[in-house]
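First comes the structure, then the notes that go with it.
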Protein chains: 2
Amino acid sequence: MLTKSSTEVVRQQNSALVLSALRRKGSLSHTEIAEQTGLASATISVITAELERSGTIAKTEQHVQGGRGRPRVLFAPRRDCGYVIVVRISSDIVQYSLADYGGVLLDRFEEARSHDVSGTAAFGQVFVAALERLLQRSRIAKDRVLAVSISSKGLVAGDGARLLWSPVFGSEELDFAKLLGQDWRARIMLSNETLLVAQALAAKAEEKGDTFKALAAISLGHSIGLGLARKGRSGELDVFAPNFGHMLHASSAGLCRCGSFGCIEAAAGFYGILRAAFEVPSDTIPAKFVPLSEMDKIAAGARQGQRMPGYAFRQAGIALGNGISRLTSLYEPMPIFVTGQGTRYFDLLQKGVEEGLAQSLQVRLEGLPEITVVGDEQRLVFDGHLDRALSAVDSDITAAGHA
Amino acid sequence: MLTKSSTEVVRQQNSALVLSALRRKGSLSHTEIAEQTGLASATISVITAELERSGTIAKTEQHVQGGRGRPRVLFAPRRDCGYVIVVRISSDIVQYSLADYGGVLLDRFEEARSHDVSGTAAFGQVFVAALERLLQRSRIAKDRVLAVSISSKGLVAGDGARLLWSPVFGSEELDFAKLLGQDWRARIMLSNETLLVAQALAAKAEEKGDTFKALAAISLGHSIGLGLARKGRSGELDVFAPNFGHMLHASSAGLCRCGSFGCIEAAAGFYGILRAAFEVPSDTIPAKFVPLSEMDKIAAGARQGQRMPGYAFRQAGIALGNGISRLTSLYEPMPIFVTGQGTRYFDLLQKGVEEGLAQSLQVRLEGLPEITVVGDEQRLVFDGHLDRALSAVDSDITAAGHA
DNA sequence: GGCTTTTTTCTCGACAGTCGAGAAAATAAA
DNA sequence: TTTATTTTCTCGACTGTCGAGAAAAAAGCC
């Protein structure tokens, strides 16, 4: 069902437009905003005045200009308009970061995840305490935090902030919205890690002016993650993380640590490669953790032409290739970006990937998708966090309007 | 990138809202429109006046009412506002239908597809001639046709009206927009057949007030089709047909008639079941056509407990189940509706389907998706055609506005 | 039949939003 | 100090939605 529209919606949309332009470019003058948004000058005046009054943006004093005529005055988001907390949960550490509304990192610390204290309840307490500490260190009141953006590997519920399955907690559900409860008025967001990579890549592509309809990020490591960014009909970006690592590949891939048989991860995750390389029976319960040095050894063997290591990487590549072919079958052909620790073995995977891709009609008709390896996954994840959290905050602000 | 909004967009959106309400319910009074759309009475007056002036809707004379007070006057789409042509291309027959703007069928004829005259060029001529004939029979001018909606099984380009691959023409591309060229001002639409089933089912669900986020239609027959209907964030319906039948299942499924190995269709399409039942080597070139009576025999054998026929249906079910599990992994859990001639064997497929589904983590976490068999596929396809074509026409009308 | 009641539709003025044009502001160049 | 140039701001026009009440049209009542 369509929904009714009104002048208020128009204002909201155009305010959001101005704010997002300002966020992308950092700071813009009145005329630049008009250029960017396509809105009339008069409209810009009204909207900037309102955003300024509500304390969301401010005129900056710097009048950098050479030409003659009245100097441009720049608008920029007010950095002290609010704050954002970013939490990256990985298998061994949890990283807490505090950034301001301008996206500037203010503080950061990490805590090792003690593996003996397991269970979601215990983690919940540690988590809440860490957030409090982060605020105290910078002397920021809790209600000035506009969003808390959390990421983990695993399966995240599409709607709220519930972690359904993760390598860290298994299928013990963890509801962050409930965890922070009434105490925080901030918007609580939980995202799959690779979703954030896709978000960051999409944002960069838009910034560069690259046009794309869809894009996928695949993270290779102990587990396999997928993030998808697609543009809707009206050009708005939809970023989400369907279940890829635990999508069924082939039952021959063996037992996965999620308990199912034949997941992509069971063939292409580190433990899957390890298992295949050492010819361990494929129904063996997978290793909890594979040190990178171990993987490097297998890779070295494969590069020297040893049979089983080579075979293991090739099988992993085929699993990925098949998975990508299914992805492009069910969505559409799109460029693929590969990140994560596993990319250091991409030379070994590549042939298998292409082999796995070539089997499908889609690929035969449309050609191989473009696959690019991108480094610095952690940076991309953090950028994605900020992009996602701040756009959410922006839309909260424009939705609230003058209420 | 967001796009700028204005009062014109508001009007367009609200006009579309009124028109779609009118289309759904057939005819509504002023007050009923206000109820349905949530718009103010005054707004309804303005919008209906404009649509009436442009000849899109009209007041009907019938004042069916018992109560007292001023009688309601009903608005309805003007049936003679324009016409829509629907073409269903199937492997043996092409059906041409003419309907008016009210969705009422005016004329219909079918032409057998002569299998000796193959090739897209020849078909193109026959096709164009048939359209002309359809118009002549009802004495309707070509420029009064607002949309031509064509359906075929196979792979359709997401953008235009290009048939990329079909069981009928193979990978010889067929561009209907180009075929009809400048002669027709109508909007040319090409859809996968199963997409239209999904469209019709989604429309029916909306009508019934059922709430759903997504829904899939799967058509079983000689080939396997998929249609997906999903609601976007703002509640608008997106219906599309990703490649499912030729998505990779497992290379053990054997040679598919598309030329690839291991497509779902190669296991679950009629020819795949036939091949498995008769233990034909799986790299045999598939049968072009399998009579239903032949399938019935195999099914009878399976129901009597014969080994290979039972095995064939079970393998087909597993292929479907695996495919559906991959679909719900990469999208989200959603109800599945099964149509097509193959549904008469669904009892034989079901166990395999459930087995194929149960292998995946997604299903273990969220449970088996609801699978419903629905009959009368042809009717659903036609309903989907009308729904899709007429909504497209409606949005063309509201977009044109008072230009 | 004429008046009242009831229900629906239409109309008017208020309000919100965008836009184009031109006024006002602010600086560099002459 | 004046002029030219560029940017920002302001005003009136236009379009759109909304609420309230007027007008219309039929049924009920006397």
Side-chain angles (χ1 to χ4, degrees), chain A residues 2-18 22 27-53 57-76 398-399 401-403, chain B residues 2-18 22 27-53 57-76 398-399 401-403:
Chain A
L2 291 165
T3 166
K4 89 172 184 186
S5 192
S6 65
T7 53
E8 275 168 337
V9 179
V10 172
R11 161 54 63 90
Q12 192 174 313
Q13 166 105 349
N14 288 340
S15 293
L17 193 60
V18 169
L22 234 33
S27 66
L28 292 172
S29 71
H30 183 108
T31 36
E32 286 167 328
I33 296 175
E35 276 168 24
Q36 289 280 324
T37 60
L39 293 167
S41 165
T43 310
I44 306 296
S45 289
V46 180
I47 291 177
T48 51
E50 184 172 311
L51 288 175
E52 208 176 351
R53 200 169 39 71
I57 65 172
K59 289 176 178 146
T60 59
E61 317 77 58
Q62 50 159 343
H63 301 212
V64 263
Q65 217 212 348
R68 67 190 194 175
R70 180 170 173 172
R72 302 183 162 187
V73 349
L74 296 177
F75 287 98
T398 49
H402 31 172
Chain B
L2 291 166
T3 169
K4 90 171 183 186
S5 193
S6 65
T7 54
E8 278 158 53
V9 177
V10 172
R11 162 53 64 89
Q12 192 175 314
Q13 165 104 350
N14 287 341
S15 293
L17 193 60
V18 169
L22 233 33
S27 67
L28 292 172
S29 70
H30 182 109
T31 36
E32 287 167 327
I33 297 175
E35 275 168 24
Q36 288 281 322
T37 59
L39 293 167
S41 164
T43 310
I44 305 296
S45 289
V46 181
I47 291 178
T48 50
E50 185 172 311
L51 288 174
E52 208 176 352
R53 199 167 41 70
I57 65 173
K59 290 177 179 147
T60 60
E61 317 76 59
Q62 50 159 343
H63 299 214
V64 264
Q65 218 211 348
R68 65 192 194 171
R70 181 170 172 172
R72 303 183 161 187
V73 347
L74 296 178
F75 288 98
T398 49
H402 29 169

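Just so you know, these numbers use all the heavy atoms, side chains as well, and skip hydrogens, waters and symmetry mates. Model, not experiment: these values are computed from the prediction. Each chain gets a letter, A, B and so on, in the order the sequences are listed, and its residues count up from 1.
When each of dT9(C), dA25(D), dG20(C) is scored by its nearest atom to the side-chain atoms of A40(A), the top-ranked nucleotide is dG20(C). For V73(B), counting side-chain heavy atoms from C-beta on, the closest listed nucleotide (dA25(D), dT9(C), dG19(D)) is dT9(C). Distances were taken from every side-chain heavy atom of T7(A) (C-beta onward) to each of dT10(D), dT8(D), dG16(D); the shortest belongs to dG16(D). In the set dT27(C), dG17(C), dC9(D), dG17(C) carries the atom at the smallest distance from any side-chain atom of V10(A). When each of dC19(C), dG28(D), dT17(D) is scored by its nearest atom to the side-chain atoms of R68(B), the top-ranked nucleotide is dG28(D).
Atom pair H30(A):NE2 and dG20(C):C1' shows a separation of 13 Å (rounding to whole Å applied). Look at CZ on R11(A): it is 13 Å from C1' on dC19(C), rounded to the nearest Å. dT17(D) atom P lies 14 Å from atom CD1 of I33(B), rounded to whole Å. In this structure, the CZ atom of F75(B) is 14 Å from the P atom of dT8(C), given to the nearest Å. Taking atom CG on L17(B) and atom P on dT17(D), their separation rounds to 11 Å, with Å as the unit. Going from atom CD1 of I47(A) over to atom C1' of dC9(D) covers 15 Å, rounded to whole Å. One atom, CD of E50(A), and another, P of dA16(C), lie 12 Å apart when rounded to the nearest Å. Put simply, CD on E8(B) is 15 Å from C1' on dT17(D), counting in whole angstrom units.
Of the options L22(A), L28(A), N14(A), I44(A), a side-chain contact (heavy atoms from CB on, under 4.5 Å) to T37(A) is made by I44(A) and by none of the others.
Nucleic acid contact class of I44(B) (heavy atoms, under 4.0 Å, all strands): none. Counting any heavy atom pair closer than 4.0 Å across all strands shown, S41(B) reaches a base atom.
The phosphate of dT6(C) has neither OP1 nor OP2 within less than 4.0 Å of any side-chain N or O from R70(B). One finds no side-chain N or O of R72(A) lying less than 4.0 angstrom from the OP1 or OP2 phosphate oxygen of dT8(D). For K4(A) and dC18(D), the shortest distance from a side-chain N or O to OP1 or OP2 is below 4.0 Å. The phosphate of dC19(C) has OP1 or OP2 within less than 4.0 Å of a side-chain N or O from T43(A). Not one side-chain nitrogen or oxygen of N14(A) sits closer than 4.0 Å to the OP1 or OP2 atom of dG17(C). For T31(A) and dT8(D), the shortest distance from a side-chain N or O to OP1 or OP2 is below 4.0 Å. Look at K59(B) and you won't find any side-chain N or O under 4.0 angstrom from OP1 or OP2 of dT8(C).
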> Going through the distances and angles, do R11(A) and I47(A) end up as a side chain to side chain contact (heavy atoms under 4.5 Å, CB included)?
Replying inline: CA-CA 8 Å; R11(A) 161 54 63 90; I47(A) 291 177; 3.9 Å; yes
>> As a quick check of understanding, evaluate side chain to side chain contact (heavy atoms under 4.5 Å, CB included) for K4(A) and V9(A), giving each step before the final call.
In response: CA-CA 9 Å; K4(A) 89 172 184 186; V9(A) 179; over 6 Å; no
>> I57(B) vs T48(B), test: side chain to side chain contact (heavy atoms under 4.5 Å, CB included). Steps then yes/no.
In response: CA-CA 8 Å; I57(B) 65 173; T48(B) 50; 4.3 Å; yes
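Looking at which nucleotide of DNA chain D each of L39(B) and S29(A) is closest to, the 5′-most match is held by S29(A). For the pair S15(B) and A42(A), both in contact range of DNA chain D, the more 5′-proximal nearest nucleotide belongs to A42(A). Nearest-nucleotide positions on DNA chain C for E32(B) and G38(A) put E32(B) closer to the 5' end.
Between L74(B) and S29(B), the closest heavy-atom pair is CD2-N, 3.6 Å.
No side-chain donor-acceptor contact under 3.5 Å links H30(A) to the backbone of V73(A).
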